[in-house]
Asks: 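Below is the structure I would like to discuss, written out as structure tokens.
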Amino acid sequence: MPYHKPNHKSSSSSPFIHTFIHTPSTHPNTHLSTRPSTHLSTRSSTRSSTSLSFSLSPPTTTSTYWITRFIYLKYLLFIHSVSFLISIRQSKGLLSPSVGILNRREQGDEEGRKKFAPFRSDVGVAFSHWLGFLTSLFYLLSPSSTPSFLTILTILFCYNTISSTGLLFYNFGWESLLFECTFLSLFLVPFGGGGIWGREATGRIVVGAGRWLSFRLMIGSGLIKLRAGDRKWKNFRAMDYFYQSQPIPNPLSKLMHSLPKPWHTLEVLVNHVVELVLPFFFILPFRELRIFSTVAHVVFQLVLILTGNLSFLNWLTITPLLFGFDDAFWSSVLGLGGLTAKASIAQYSLSCVGGGGRIGSIVRSITGAGGTFRGIIHLVMGVGLARLSVPVVRNLLDKNQLMNGSFDKYGLVSTYGAFGVVTEGRSELVIKASNEETGPWEEYSFKVKPGDVNRRPRWCSPYHHRLDWCMWMAGLGGEGKAGWVKELLRGLVEGRGEVMELLGEQSLEVKALYENGGGPKFIKVDEYMYEFDYGEDMGSSVSGWERGKVWRRKFVRKWTPKQGVYARDDLMGGGKG
């Protein structure tokens with residue numbers, strides 16, 4: 001795709017932008033003229049007017065990020081709206097002190113229990129959920145408002161209270177990524193309110209921090225695949241199994257899994273190029289290569305969205321990638337020509353009237369921020385992030401690389417990675433209940449995780465069914481690392497409505513176990529091996545396999561308890577942990 005500077009002689013631009021963006025030419029404090037010799041007047045009630053002159057031939061937009069900032073903030077607000085909605089619908093059943101699977105007040109280390117203590121109650125958590133959701137949704141849908149510093153701080157606080165008290169149900173790498181993306185947005189927004197353009201330029205230090213985040217995210221994912229000990233990434237066989245064994249398959253997963261081996265080999269090769277080679281263009285000073293790399297990464301994430309149900313991970317990964325695009329790119333792609341010309345004039349002009357004398361001029365020239373005070377803040381932020389990045393870089397260079405984690409107290413700079421190991425088989429935990437110790441046993445159905453061999457996979461991304469994901473991980477880690485499953489079983493035999501709502505629609509046989517306000521008398525968890533079933537003749541190996549339209553499965557072992565079954569009276573007498 002060719003990338004070229006827009007024709008600034010054209011006055012045409014996107015109707016959406018005309019409707020929803022206040023162009024700099026209508027900025028309340030700025031008067032602009034786009035003649036070859038342009039005079040800028042800025043008036044303030046607290047200082048005398050200043051007149052500046054500069055030439056444009058034509059104004060460049062390859063170093064401006066007005067439109068990038070607009071898209072970044074709107075997209076981040078969309079992700080936050082989804083994440084808060086997920087918490088609103090699931091948090092009580094997962095973590096309520098009274099009815100949840102785990103008790104957010106009692107679980108975790110002592111320091112963790114002290115954090116955000118007032119927000120560990122059901123009322124406090126619900127307040128954080130709804131405040132964060134409504135704030136995110138309002139500014140997402142608001143056509144002409146940029147969230148302020150206080151707004152982003154509120155969203156950040158609400159999300160942190162949830163993730164910090166979410167225990168294992170929020171122990172995913174994208175929680176840290178969302179926090180880091182939101183932290184960066186604090187330096188993009190005005191301290192007060194503002195139109196879509198804001199009131200000050202987008203500083204180049206913030207843009208650089210976003211690109212540095214993209215680099216760490218992608219290079220970490222690539223390196224962990226070579227270091228985690230799974231030879232399938234080195235011998236190009238990983239994608240032979242990924243679509244079948246990924247956390248939550250989607251409707252295209254079965255088709256993708258059936259593609260020939262040379263195709264899967266090519267997929268691994270492309271993955272290595274995207275994650276190990278192209279990320280370097282994020283941090284090198286070559287604009288065309290950076291844009292090519294950014295486009296390739298966005299397309300890569302879109303393919304992952306189409307072929308998997310990886311929560312909002314891939315949607316969120318696109319967020320820092322947006323810093324790879326400048327206004328000239330958006331102008332070329334979206335046809336915003338004349339608008340970005342005005343934006344670049346405004347960026348130059350606003351960064352020239354920040355005051356502060358000679359020191360202010362130096363600060364603004366270094367940071368590109370539209371104001372001395374903001375420039376100083378950006379400098380401090382940049383130095384701080386550079387310092388916090390030192391252990392992260394060491395980790396990336398270490399052969400014993402940590403996949404997801406942070407080396408600073410607040411998680412401002414984290415290390416990332418994904419799918420360092422791809423399992424060849426798909427292990428699924430199947431929960432069964434009965435009113436008789438010897439059966440017959442009825443199976444519980446989950447929202448999206450495989451169960452019934454005839455049920456087709458669903459699309460749910462970017463929504464995240466946290467319980468389904470944790471059940472998949474429990475099957476990988478063994479019962480010794482999943483004591484919480486017993487708490488889930490306790491919630492099921494007690495018939496807690498908030499826990500039952502986390503599961504899918506149950507069969508009539510399961511519903512019959514809860515007639516008259518009761519619950520099943522006995523419950524257990526079995527482990528099965530699942531494979532996609534393509535209807536082929538399995539010969540003598542068909543023995544022991546249950547076959548369906550989508551899956552076939554085979555009993556592996558009794559997962560918990562090892563012997564016998566759990567009786568309801570024993571589980572209910574164990575208390576709630």
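Because the structure is a prediction, the values reported are computed rather than measured.
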Asks: In chain order, what residues pass the side-chain contact (heavy atoms from CB on, under 4.5 Å) check against F286, with sequence neighbours excluded?
Replies: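 If we apply the side-chain contact (heavy atoms from CB on, under 4.5 Å) test to F286, skipping adjacent residues, the hits are L284, L289.
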Asks: Does the side chain of W330 come under 3.5 Å of the side chain of T68 through a donor N or O and an acceptor N or O?
Replies: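 Checked: W330/T68 side chains pair up, N/O donor to acceptor below 3.5 Å.
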Asks: Regarding R290 and the six-membered ring of F282, is the cationic atom NZ or CZ under 6.0 Å from the ring centre and inside 45° of its axis?
Replies: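 The answer is no, since R290 fails at least one limit relative to F282.
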Asks: Is a side-chain donor-acceptor pair under 3.5 Å present for S461 with N309?
Replies: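 Short answer, no.
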Asks: Do S128 and T161 get their side chains close enough for a donor-acceptor pair, meaning under 3.5 Å?
Replies: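 Result is yes, a qualifying pair exists.
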Asks: Less than 3.5 Å apart, any donor N or O on the side chain of R237 or T265 sitting next to an acceptor on the other?
Replies: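 Result is yes, a qualifying pair exists.
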Asks: Would the distance check show the side chain of H264 and the main-chain N or O of L259 forming a donor-acceptor pair, the cut-off being under 3.5 Å?
Replies: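 Here the side-chain-to-backbone pair exists.
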Asks: Which pair of non-hydrogen atoms, one from A238 and one from V422, has the smallest distance, and what is that distance?
Replies: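 Heavy atoms only, the tightest pair is O-CG1, 3.7 Å.
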Asks: Taking only distance into account, with no hydrogens and no angle test, what donor-acceptor pairs under 3.5 Å do side-chain atoms of residues 379-393 form with protein atoms, sequence neighbours excluded?
Replies:
from : atom 1 : to   : atom 2 : distance (Å)
S389 : OG     : W212 : NE1    : 2.9
S389 : OG     : L385 : O      : 2.6

Asks: Evaluate side chain to side chain contact (heavy atoms under 4.5 Å, CB included) for W469 paired with K449, printing each intermediate quantity in order.
Replies: CA-CA 8 Å; W469 268 73; K449 94 176 192 70; over 6 Å; no
Asks: Checking K234 now: which residues fulfil side-chain contact (heavy atoms from CB on, under 4.5 Å) with it, not counting sequence neighbours?
Replies: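 side-chain contact (heavy atoms from CB on, under 4.5 Å) check on K234 returns L226.
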Asks: Donor-acceptor pair, distance only, cut-off 3.5 Å: does the side chain of S332 make one with the backbone of A328?
Replies: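 Absent.
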Asks: Look only at the side chain of H272 and the backbone of E267, and say whether a donor-acceptor pair between them is shorter than 3.5 Å.
Replies: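 Not a single qualifying donor-acceptor pair exists.
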Asks: For Q401 and G220, indicate whether the former's side chain and the latter's backbone hold a donor-acceptor pair under 3.5 Å.
Replies: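 Between the backbone of G220 and the side chain of Q401 there is a qualifying donor-acceptor contact (under 3.5 Å).
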Asks: Salt bridge between R466 and E175, side-chain N to carboxylate O under 4.0 Å?
Replies: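 E175 and R466: salt-bridged.
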Asks: Got a donor-acceptor contact below 3.5 angstrom from the S331 side chain to the D327 backbone?
Replies: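 No, the answer is negative, given that no donor and acceptor are paired below the 3.5 Å cut-off.
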Asks: Holding to side-chain contact (heavy atoms from CB on, under 4.5 Å), I want the full list of residues that pass it with L278, two or more places apart in sequence or in another chain.
Replies: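 V273, V274, F281, F292, S293, A296, H297.
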Asks: Under 3.5 Å, side chain of R458 to main-chain N/O of K447, donor-acceptor pair present?
Replies: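 Pair found, side chain donor or acceptor close to backbone of K447.
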Asks: To the nearest 0.5 Å, how far apart are CG in L252 and CG in L306?
Replies: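 So the gap between those two atoms works out to 7.0 Å.
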Asks: Could you pull out all residues at least two apart from R426 that satisfy salt bridge (Lys or Arg N to Asp or Glu O under 4.0 Å)?
Replies: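 R426 satisfies salt bridge (Lys or Arg N to Asp or Glu O under 4.0 Å) with E428 only.
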Asks: Apply the side-chain contact (heavy atoms from CB on, under 4.5 Å) test between Y416 and each candidate in L213, L402, I224, T317; give the one that qualifies.
Replies: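 Option passing the side-chain contact (heavy atoms from CB on, under 4.5 Å) with Y416: L213.
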Asks: Which is it for F172 and H464 under the ring-ring contact (aromatic ring centres under 6.0 Å, His included) test, yes or no, and what are the steps along the way?
Replies: CA-CA 11 Å; F172 297 94; H464 185 194; 4.9 Å; yes
Asks: We want to know whether Q246 and Y241 form a side-chain donor-acceptor pair, criterion being a heavy-atom distance below 3.5 angstrom.
Replies: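 Checked: Q246/Y241 side chains show no N/O donor-acceptor pair below 3.5 Å.
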Asks: Check whether N404 reaches the backbone of A418 with its side chain - one donor and one acceptor, N or O, closer than 3.5 Å.
Replies: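 No, N404 side chain to A418 backbone: no donor-acceptor pair under 3.5 Å.
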Asks: If we count only N and O atoms by modelled type, under 3.5 Å, do the side chains of Q244 and S253 hold a donor and an acceptor together?
Replies: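 There is no such pair (donor and acceptor under 3.5 Å, judged by atom type) between the side chains of Q244 and S253.
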Asks: Might you work through the ring-ring contact (aromatic ring centres under 6.0 Å, His included) test for Y463 and H465, ending with a clear yes or no?
Replies: CA-CA 7 Å; Y463 195 82; H465 293 280; 4.9 Å; yes
Asks: Just by distance, do the side chain of K74 and the backbone of Y139 share a donor-acceptor pair under 3.5 Å?
Replies: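 Looks like yes, one N/O pair under 3.5 Å.
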Asks: Without hydrogens or angle criteria, can the side chains of T151 and S148 be said to hold a donor-acceptor pair below 3.5 Å?
Replies: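 Result is yes, a qualifying pair exists.
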Asks: F84 vs H80, test: ring-ring contact (aromatic ring centres under 6.0 Å, His included). Steps then yes/no.
Replies: CA-CA 6 Å; F84 282 119; H80 267 297; 5.7 Å; yes
Asks: Determine, step by step, whether K261 and D240 satisfy the salt bridge (Lys or Arg N to Asp or Glu O under 4.0 Å) criterion, reporting the C-alpha distance in whole Å, the side-chain angles of both residues, the deciding distance to 0.1 Å, and the verdict.
Replies: CA-CA 7 Å; K261 288 186 180 296; D240 293 357; 3.3 Å; yes
Asks: For L178 and S83, what are the C-alpha separation, side-chain angles and deciding distance, and is it a side chain to side chain contact (heavy atoms under 4.5 Å, CB included)?
Replies: CA-CA 9 Å; L178 181 53; S83 68; 3.9 Å; yes
Asks: Short question: side chain of S91, backbone of I88 - any donor-acceptor pair under 3.5 Å?
Replies: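 Such a contact is absent between S91 side chain and I88 backbone.
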Asks: Charged N to carboxylate O under 4.0 angstrom, D326 versus R287?
Replies: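 So D326 pairs with R287 through a salt bridge.
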Asks: Once salt bridge (Lys or Arg N to Asp or Glu O under 4.0 Å) is applied, do any residues pair with D468, and if so which ones, sequence neighbours excluded?
Replies: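 So D468 forms no salt bridge (Lys or Arg N to Asp or Glu O under 4.0 Å) with any residue.
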Asks: Please say which of Y170, W130, Y159 ends up in a side chain to side chain donor-acceptor pair (under 3.5 Å) with S87.
Replies: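 Result for side chain to side chain donor-acceptor pair (under 3.5 Å) with S87: Y170.
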